[in-house]
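What follows is a short report on a single structure.
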Amino acid sequence: MKKLAIDGGERTVPKGTLKPWPPIDNTDREAVLRVFENQVLCGGGAPETVALQKEWAAYIGRKHCLATNSGTAALHMALAAAQVGMGDEVIVPAYTFLASASCVLHALAVPIFVDIDERTFNIDPAKIEEKITQRTKAIIPVHLHGLPADMDQIMAIAKKHNLVVIEDACQAHGAEYKGKKVGSFGDFSAFSLNSSKNLCGGEGGFFLTDDDTYLMRGDMLRMFGDEIDDETQLRVYNASILGYMFRTQELPAAFARAQLKRLDQNNAIRQKNCAALTEVLSDYPWVMTPYTPEDRTHVYWMYIVRFDPEKAGVNLSPREFRVAIEKALHMEGVAVGQWQIMPVPAQDLFQTQLGHGQGFPWRNNPLYDRQVTYRGEDYPVASKICEDYTAIIGTNPPNGGQLMEMYAEAFRKVFDNLDVVVKHKDDDIVAHFSGDVFMAA
Ligand SMILES: Cc1ncc(COP(=O)(O)O)c(C=O)c1O
């Protein structure tokens with residue numbers, strides 16, 4: 001048996017093997033150069049932006065799409081277009097990226113968190129209704145890691161309680177639920193185009209809806225609250241509502257259009273890579289691999305596994321065991337580590353409740369007299385997975401079979417030698433992937 005790298009042996013995956021995301025080819029270069037040739041760099045009606053909006057609406061199967069400068073902006077626009085605001089509450093999963101909840105604060109409303117399902121990592125529909133109050137106006141289901149949330153149940157609850165649904169599809173470009181693309185279910189949906197995402201523009205986002213009034217409000221919110229003259233299609237420079245500057249630019253729009261042509265193909269490579277890892281990891285009953293219910297497809301923005309020390313017969317806490325394995329895999333050259341480290345409501349922003357300053361919207365808010373407290377332990381599933389999960393990075397194209405085979409070898413080497421792994425559990429090694437693969441910190 002080969003000596004583990006953490007024990008002085010040779011690393012399994014040579015440095016430089018892992019290729020970053022996204023793959024960039026000549027069609028991307030041509031798209032970006034086209035923008036320079038046109039000499040139009042921005043504008044709500046600029047050609048690349050308008051074409052991208054059309055193409056994305058068609059891809060998702062929605063009537064309207066507005067391109068934004070981020071997914072966070074698209075979420076904020078959706079809440080504002082739905083007229084969610086002061087005194088309102090919005091249901092958000094307790095485990096997601098911060099922006100799924102901070103957009104609610106941006107809209108001056110209060111996020112109310114619901115725990116997640118242990119197998120899908122998505123909001124647990126069975127726990128939503130107990131959090132609904134007179135103040136609840138919307139639900140933001142998140143299709144986390146690329147796996148669709150349980151949309152039938154969520155839409156039924158929303159209908160029963162007359163709630164707006166804003167799908168946070170920022171991690172799930174192309175994923176399907178019962179044969180339909182995510183982003184086509186809620187009253188609104190939001191996507192991100194940041195550089196880590198399955199569809200990448202560098203930065204950017206999409207706001208989608210089928211509703212003409214929501215589109216009109218979204219359009220004004222996106223650009224200063226300013227109106228566009230129906231006849232000339234020019235701005236009138238007379239803001240009638242409070243808007244923002246959430247418009248995208250032509251360079252990221254052109255780049256995203258070129259990338260969109262390869263989205264399905266790239267998603268298929270992710271699925272193949274992840275299936276290869278799952279097959280190897282299935283030999284280890286103490287490793288929990290991603291679960292995909294039969295009625296949906298997973299596009300694996302991120303590939304997540306969990307470790308159970310008890311099942312492995314190792315006398316460590318889940319956190320200690322997970323960290324020990326991360327260190328050993330990291331030394332083998334596997335890009336591994338945690339993304340979110342705690343449930344969103346456990347973050348300082350929610351503990352201090354400073355909000356917009358002086359505690360707004362939780363305090364100093366004439367329309368909100370409820371005391372909300374956020375405690376990580378109130379979300380036991382989200383808290384538990386933060387102890388024992390890790391993300392395996394590198395399942396993105398252009399990585400393929402060669403890297404997956406190296407990863408498989410590294411897994412076997414590490415997992416068949418847990419006694420050595422445990423011996424090195426306190427070594428001074430930090431396994432953290434962010435920065436190397438996705439974006440500069
Ligand atoms: C689930 C989720 N929601 C919202 C966002 C916000 O997207 P952006 O970074 O484009 O603002 C992200 C990504 O960062 C995300 O992963």
Side-chain angles (χ1 to χ4, degrees), residues 57 60-64 74-75 78-79 81-84 88-96 100-101 103-104 107 109-191 206-215 218 290-299 343-345 378-382:
I60 296 300
R62 276 238 110 135
K63 211 165 143 194
H64 307 299
L75 287 166
L79 285 162
Q83 299 184 324
V84 173
D88 297 336
E89 291 179 347
V90 178
I91 302 277
V92 181
Y95 185 76
T96 175
S100 316
C103 64
V104 178
V110 174
I112 300 293
F113 294 96
V114 170
D115 209 357
I116 56 166
D117 176 90
E118 181 147 13
R119 292 204 299 170
T120 64
F121 284 43
N122 282 325
I123 193 165
D124 185 344
K127 295 181 182 157
I128 294 177
E129 278 192 288
E130 67 200 51
K131 296 290 180 83
I132 293 175
T133 69
Q134 289 298 326
R135 302 172 173 93
T136 312
K137 290 286 158 25
I139 307 183
I140 303 184
V142 183
H143 307 298
L144 204 75
H145 302 146
L147 178 71
D150 200 331
M151 289 315 292
D152 276 357
Q153 289 200 57
I154 292 164
M155 295 307 288
I157 294 168
K159 193 166 176 207
K160 181 171 158 198
H161 296 273
N162 196 24
L163 306 177
V164 168
V165 175
I166 300 167
E167 292 177 76
D168 180 342
C170 287
Q171 300 184 0
H173 311 71
E176 290 182 357
Y177 177 82
K178 300 194 172 168
K180 266 183 77 185
K181 295 261 180 343
V182 300
S184 65
F185 292 88
D187 302 273
F188 300 90
S189 55
F191 288 84
F206 294 121
F207 159 108
L208 294 112
T209 183
D210 289 336
D211 185 285
D212 296 348
T213 304
Y214 287 158
L215 170 75
Y291 166 65
T292 308
E294 277 183 5
D295 57 5
R296 46 205 106 163
T297 61
H298 199 319
V299 293
V344 177
D378 291 340
Y379 313 94
V381 178

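- Applying side-chain contact (heavy atoms from CB on, under 4.5 Å) to I123 and the options L144, V114, V92, T96 leaves one that passes, V114.
- Separation of atoms CD1 (I166) and CG (L208) is listed at 12.5 Å; rounding is to 0.5 Å.
- In this structure, NZ on K178 lies 5.0 Å from CG on D295, to the nearest 0.5 angstrom.
- Scanning both residues, M155 and F185, for their nearest heavy atoms gives CE-O, 3.2 Å.
- Checking side-chain atoms of D187 against main-chain N and O of V165 turns up a donor-acceptor pair under 3.5 Å.
- For the residue pair F206 and A74, the shortest heavy atom distance occurs at O-CB, 3.2 Å.
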Inset, instruction - Take K137 and Q83 through the side-chain contact (heavy atoms from CB on, under 4.5 Å) test and state the conclusion after the steps. - result: CA-CA 9 Å; K137 290 286 158 25; Q83 299 184 324; over 6 Å; no
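- Here the side chains of H143 and Q171 are not in contact, with every heavy-atom distance at 4.5 Å or above.
- Partners of P380 according to the side-chain contact (heavy atoms from CB on, under 4.5 Å) rule, which considers only residues two or more places apart in sequence or in another chain, are D115.
- Looking at every heavy atom in both residues, S189 comes nearest to R62 through OG-NH1, 3.9 Å.
- V104 places a side-chain heavy atom less than 4.5 Å from the side chain of I140.
- Interatomic distance, NE2 of H145 versus OG1 of T292, reported as 12.5 Å (0.5 Å rounding).
- When all heavy atoms of I116 and A94 are compared, the closest pair comes out as CG2-N, 4.5 Å.
- In this structure, F113 and Y379 have perpendicular ring planes: the angle between them is above 60°, well past the 30° mark.
- Evaluation of the side-chain contact (heavy atoms from CB on, under 4.5 Å) rule for D211 yields T209, T213, Y214 as partners, not counting sequence neighbours.
- Partners of R135 according to the side-chain contact (heavy atoms from CB on, under 4.5 Å) rule, which considers only residues two or more places apart in sequence or in another chain, are E89, T133, Y368, D369, R370.
- Contact check for I132 versus L163: side-chain heavy atoms found under the 4.5 Å cut-off.
- Inter-residue side-chain proximity for V381 and Y95 is flagged as unmet; no heavy-atom pair is nearer than 4.5 Å.
- Other residues, nucleotides and ligands place more than 12 heavy atoms under 6.0 Å from the CG atom of D212.
- Put simply, the side chain of V90 reaches to within 4.5 Å of the side chain of V84, judged on heavy atoms.
- Rounding to the nearest 0.5 Å gives a distance of 7.0 Å between CD1 of I154 and CD1 of I139.
- Residue C170 comes nearest to H173 through the heavy atom pair O-CE1, 3.2 Å, listed as atom of the first residue, atom of the second, then distance.
- Nearest heavy-atom pair across L75 and S100 is CD1-CA, 4.2 Å.
- Looking at R119, its side chain never comes within 3.5 Å of a backbone N or O of Y291 through a donor-acceptor pair.
- Between the CD atom in Q134 and the NE2 atom in H161 there is a gap of 11.0 Å [rounded to 0.5 Å].
- Listed for the Y177 side chain is a donor-acceptor partner under 3.5 Å among the backbone atoms of D152.
- To the nearest 0.5 angstrom, D150 atom CG is 4.5 Å from R296 atom CZ.
- A donor-acceptor contact shorter than 3.5 Å links the side chain of N122 to the backbone of L147.
- Looking at heavy atoms from C-beta onward, M151 lies out of side-chain contact with V182 at the 4.5 angstrom threshold.
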